[in-house]
Amino acid sequence: MVAMAMTLFAESVGAIVRELSLKKAADGLYGPCMAAFERAIIERVPLVDLVVEVRDARIPLTSAFEPLRRLACSHKQMIVLNKVDLADRSLTEMWLRHFKMQNFICYGVNSHNKDSINELLRVVRARIRKLKGDDRSYTSTILLVGIPNVGKSAMVNSMHQIGRTGAEVKGKLKHATVSSKPGETKDIISYKIGSHPNIYVLDTPGVLSGEIGVDDLGSKLALTGAIDDSLVGEVDLAWYFLSVLNSKEEYKRWENLKADADDPVVSTCEFNQGRRRQYPSDHTQDFIVRDVRRTLFRCISSNSVNLENENTMRMLIENQLTALHEPLRLPKEPCGDSYKAVASKLLNLFRTGRLGRYTFDILPRITNDPTLS
């Protein structure tokens with residue numbers, strides 16, 4: 001199976017993550033700061049009214065917040081699958097049903113979508129009313145927890161902005177730090193998201209498990225951005241992602257993409273949406289994404305050999321990394337530097353959904369999986 005070659009690349013990345021998880025110093029995954037963050041979060045769980053565990057919809061099981069499993073708080077816990085816009089739609093629905101069968105309150109959200117956040121606020125308020133009763137004179141606190149880079153801070157910003165606007169709250173709007181890099185949140189900070197009753201949400205630093213012993217878990221955490229790319233290696237992650245892409249059907253959707261012969265720099269959708277002029281230095285522009293997709297499709301579809309073999313898959317990926325210089329407008333340099341620049345841009349396109357929607361966790365065969373309890 002082609003999946004066997006993909007598994008080898010996943011294991012390679014996973015082995016790097018496993019070694020990092022064994023380091024307890026500051027250059028490891030679970031250093032003194034991470035341990036302090038975990039203790040601070042655990043201490044607050046008994047003090048809040050609702051614990052919202054934010055997970056990545058692409059890895060609904062792998063992105064579980066491990067410390068919660070050691071606490072008796074399921075009666076006030078809620079699971080939110082964020083980044084549903086980046087995950088496979090049908091698999092997300094299946095995961096939501098799975099968690100609900102485990103008696104979890106579960107909801108899927110896109111933290112950058114206003115309607116999605118409005119619905120999440122409605123669900124949260126309803127849950128708090130059920131826990132608190134009809135008295136509206138109370139003040140409630142929600143604790144947002146999760147591993148790094150699942151979008152907690154982006155969700156907090158959206159909830160804070162929409163909740164305050166709806167309640168006509170006056171005062172300066174606060175902003176949680178949002179970054180594509182994990183570990184940017186360094187403290188537990190409160191944001192008001194509602195009045196009558198008053199509701200506050202606590203944004204918290206992301207915390208990873210102290211030891212990641214399974215290679216498969218580590219590779220998925222790294223690929224989705226829960227671990228800093230500089231620790232794992234962007235080129236290794238790009239190889240893993242391309243092995244996933246080459247093993248799945250997503251690329252076949254790009255078969256009919258056409259080049260824009262009239263203007264190689266300006267996207268055709270620019271005029272319809274009133275966007276500013278687009279430049280080739282920005283790899284996220286529509287016309288560059290289109291060229292990247294076409295290049296990847298051409299490389300895969302022209303490959304007539306069997307991808308079950310690891311060496312064959314490696315040859316294809318090397319061809320792809322080389323071919324991507326042109327659509328990404330990158331100069332061809334010695335392999336190491338050249339591949340790193342391509343890898344960085346390729347990972348960004350994948351993580352922003354420009355190269356398809358992916359769900360990496362497989363649903364458990366048995367719906368009453370004890371690991372979810």
Side-chain angles (χ1 to χ4, degrees), residues 48-58 60 63 65 76-100 104-146 149-180 185 188-204 206 273-274 351-353 357 359:
V48 300
D49 301 293
L50 184 64
V51 179
V52 175
E53 180 189 5
V54 184
R55 300 190 187 185
D56 190 322
R58 297 168 296 178
S63 59
F65 187 68
K76 61 177 182 180
Q77 180 184 353
M78 175 179 173
I79 295 175
V80 173
L81 299 185
N82 191 25
K83 305 187 181 183
V84 294
D85 53 312
L86 305 180
D88 182 285
R89 290 184 182 90
S90 60
L91 289 177
T92 297
E93 289 300 320
M94 293 172 67
W95 272 106
L96 289 171
R97 288 197 299 270
H98 174 79
F99 287 126
K100 288 173 182 175
F104 283 105
I105 299 171
C106 190
Y107 185 72
V109 69
N110 172 3
S111 59
H112 300 290
N113 182 280
K114 183 177 180 179
D115 291 338
S116 184
I117 292 297
N118 267 321
E119 181 61 20
L120 174 62
L121 285 169
R122 185 194 66 77
V123 172
V124 166
R125 291 185 189 114
R127 182 58 183 165
I128 289 177
R129 280 197 301 271
K130 186 173 182 179
L131 292 171
K132 290 288 222 177
D134 295 329
D135 180 14
R136 294 203 162 206
S137 62
Y138 59 80
T139 295
S140 289
T141 305
I142 303 166
L143 185 68
L144 243 64
V145 301
N149 216 12
V150 290
K152 297 184 298 297
S153 294
M155 189 179 299
V156 163
N157 283 339
S158 297
M159 294 173 74
H160 179 50
Q161 182 177 9
I162 294 172
R164 282 170 51 96
T165 301
E168 297 182 351
V169 177
K170 297 181 180 179
K172 186 177 180 181
L173 192 69
K174 294 176 11 180
H175 292 280
T177 301
V178 176
S179 173
S180 59
T185 303
I188 299 176
I189 304 175
S190 174
Y191 299 83
K192 190 170 186 177
I193 63 171
S195 298
H196 311 297
N198 292 319
I199 304 176
Y200 293 85
V201 61
L202 300 178
D203 187 22
T204 64
Q273 299 184 15
R351 290 170 179 164
T352 54
R357 303 164 70 114
T359 297

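Residues take their numbers from the sequence shown, with the count starting at 1.
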Requested in this report: Find the distance between CZ (F65) and CG (L144) and round it off to the nearest 0.5 Å.
Outcome: 11.0 Å
Query raised in the report: Can you list every pair that meets salt bridge (charged side-chain N to carboxylate O under 4.0 Å, His left out) and has a residue in residues 112-122, with sequence neighbours left out?
Result: E119-R122
Query raised in the report: Pick from V201, I117, V150: which one makes a side-chain contact (heavy atoms from CB on, under 4.5 Å) with M155?
Result: I117
Report task. Mind checking side chain to side chain donor-acceptor pair (under 3.5 Å) for R125 and listing every partner two or more places apart, or none if nothing turns up? Result -> none
**Report entry** Residues which pass side chain to side chain donor-acceptor pair (under 3.5 Å) with D49, listed by chain and number, not counting sequence neighbours
**Finding:** K132
Report summary line: d(L86 CG, T352 OG1) to nearest 0.5 Å is 7.5 Å
Query - Side chains of R357 and T92 in contact at under 4.5 Å (non-hydrogen atoms) - result: no
Query raised in the report: Where is the tightest heavy-atom contact between L202 and S190, given as atom of each residue plus distance?
Result: CD2-CB, 3.5 Å
Report summary line: Nearest heavy-atom contact between L96 and Y107 is CD2-C, 3.8 Å
Requested in this report: For R97, check side-chain contact (heavy atoms from CB on, under 4.5 Å) against everything at least two apart and list the hits.
Outcome: E93, M94
Report summary line: Closest non-hydrogen atoms of P60 and R55, given as atom of the first, atom of the second and distance, are O-NH1, 2.8 Å
Requested in this report: Output the distance between atom CG (N82) and atom CG (N149), rounded to the nearest 0.5 Å.
Outcome: 10.0 Å
Query raised in the report: Donor-acceptor pair, E53 side chain versus Q77 backbone, under 3.5 Å?
Result: no
Report summary line: Nearest heavy-atom contact between S140 and I128 is OG-CG2, 3.2 Å
Query raised in the report: Partners of D85 by side-chain contact (heavy atoms from CB on, under 4.5 Å), sequence neighbours excluded?
Result: K83, N110
Report task. Under the side-chain contact (heavy atoms from CB on, under 4.5 Å) rule, collect the residues that match up with T204, sequence neighbours excluded. Result -> I41, L143, V145, K152, I188
Query raised in the report: Listed by chain and number, what are the side-chain contact (heavy atoms from CB on, under 4.5 Å) partners of R127, not counting sequence neighbours?
Result: L50, I105, K130, L131
Query raised in the report: So do M78 and I142 actually touch side chain to side chain, heavy atoms under 4.5 Å?
Result: no
Report summary line: Heavy-atom nearest pair, W95 first then L81, reads CB-CD1, 4.3 Å
Query raised in the report: Going by heavy atoms in the side chains, are K192 and N198 under 4.5 Å from each other?
Result: yes
Query raised in the report: Does the S116 side chain pair with the main chain of H112, one donor and one acceptor, at a distance under 3.5 Å?
Result: no
Query raised in the report: Are D203 and M159 side-chain neighbours, meaning at least one heavy-atom pair lies under 4.5 Å?
Result: no
Query - Distance in Å, Y191 OH paired with S153 OG, rounded so as to fall on 0.5 Å steps - result: 6.5 Å
Requested in this report: Please identify each residue that fulfils side chain to side chain donor-acceptor pair (under 3.5 Å) with D88, with sequence neighbours left out.
Outcome: S90
